[in-house]
Engineer: 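One structure is given below, represented as structure tokens, and several questions about it will come after.
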Amino acid sequence: MKEFIVCYTLEDDIKRERIMKDADINKEQVMQEIVEKIEQRKYFLVKGDHGDYWIDRSSIRYIGVHEKDDLKINHIKL
């Protein structure tokens with residue numbers, strides 16, 4: 001299993017969601033699933049660490065998908 005973190009940048013907030021997928025799934029496939037979900041619904045549920053949130057798709061400005069392991073690589077100690 002792989003863990004992905006999806007960041008939804010909204011008009012006035014940022015929501016994060018953790019998604020578990022099979023080991024053979026990549027970031028692009030996760031992004032495609034999210035885009036399809038958003039296209040099908042006006043509102044959708046995001047299950048975050050601090051609770052569940054309903055998001056209006058019209059408030060989304062940016063979506064980012066990161067593999068959990070990729071986040072460790074991106075940290076630079078100064």
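As the structure is a computational prediction, the values presented were derived from the model and not from experiment. Just the heavy atoms: all of them, side chains too, but no hydrogens, waters or symmetry mates, feed the values below.
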Engineer: What's the spacing between L10 CG and I60 CD1 if we round to 0.5 Å?
Structural biologist: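 Reported to 0.5 Å precision, the distance equals 6.5 Å.
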Engineer: Working note: K21 + Q29, criterion side chain to side chain contact (heavy atoms under 4.5 Å, CB included); need CA distance, chi angles, decisive distance, verdict.
Structural biologist: CA-CA 10 Å; K21 294 289 184 183; Q29 292 169 314; over 6 Å; no
Engineer: Using only atom types and a distance under 3.5 Å, with no angle test, would you say the side chain of R18 pairs donor to acceptor with the backbone of D49?
Structural biologist: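 Judged by distance alone, no pair lies under 3.5 Å.
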Engineer: Hydrogens and angles aside, do E28 and Q32 bring a side-chain donor and acceptor to less than 3.5 Å of each other?
Structural biologist: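 No, Q32 and E28 have no side-chain donor paired with an acceptor closer than 3.5 Å.
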Engineer: In Å and rounded to the nearest 0.5 Å, what is the CD1 to CZ distance from I14 to R61?
Structural biologist: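 It is 13.5 Å, given to the nearest 0.5 Å.
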Engineer: Would you compute the distance between atom NZ of K27 and atom CD of E67 and round it to the nearest 0.5 angstrom?
Structural biologist: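 The NZ atom of K27 sits 6.5 Å away from the CD atom of E67.
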Engineer: Taking all non-hydrogen atoms of both residues, which atom of I63 and which atom of M31 are closest, and how far apart?
Structural biologist: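 That would be O-CE, 3.4 Å.
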Engineer: Looking at every heavy atom in both K68 and I5, which two are closest together, and how far apart are they?
Structural biologist: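 Here K68 and I5 meet closest at CD-CD1, 4.2 Å.
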Engineer: Just how far is it from atom NZ of K37 to atom CZ of F44, taken to the nearest 0.5 Å?
Structural biologist: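 Interatomic distance, K37 NZ to F44 CZ, rounded to 0.5 Å: 5.5 Å.
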Engineer: Which heavy atom of F4 sits nearest a heavy atom of I25, and at what distance?
Structural biologist: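 For F4 and I25, the tightest heavy-atom pair comes out as CZ-O, 3.6 Å.
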Engineer: Looking at CD1 of I55 and CZ of R41, how far apart are the two atoms once the value is rounded to the nearest 0.5 Å?
Structural biologist: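 Answer for the CD1-CZ pair, I55 versus R41, is 12.5 Å.
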Engineer: Which atoms form the tightest heavy-atom contact between Y43 and D56, and what is the distance?
Structural biologist: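 What the structure gives for the nearest pair is CE2-CB, 3.5 Å.
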Engineer: Write down the atom of S58, the atom of E11, and the distance for their closest heavy-atom approach.
Structural biologist: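 Looking at all heavy atoms of both residues, the shortest contact is O-OE2, 4.2 Å.
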Engineer: When rounded to the nearest 0.5 angstrom, what distance separates CG in D24 from CE in M1?
Structural biologist: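 Between atom CG of D24 and atom CE of M1 there are 10.5 Å.
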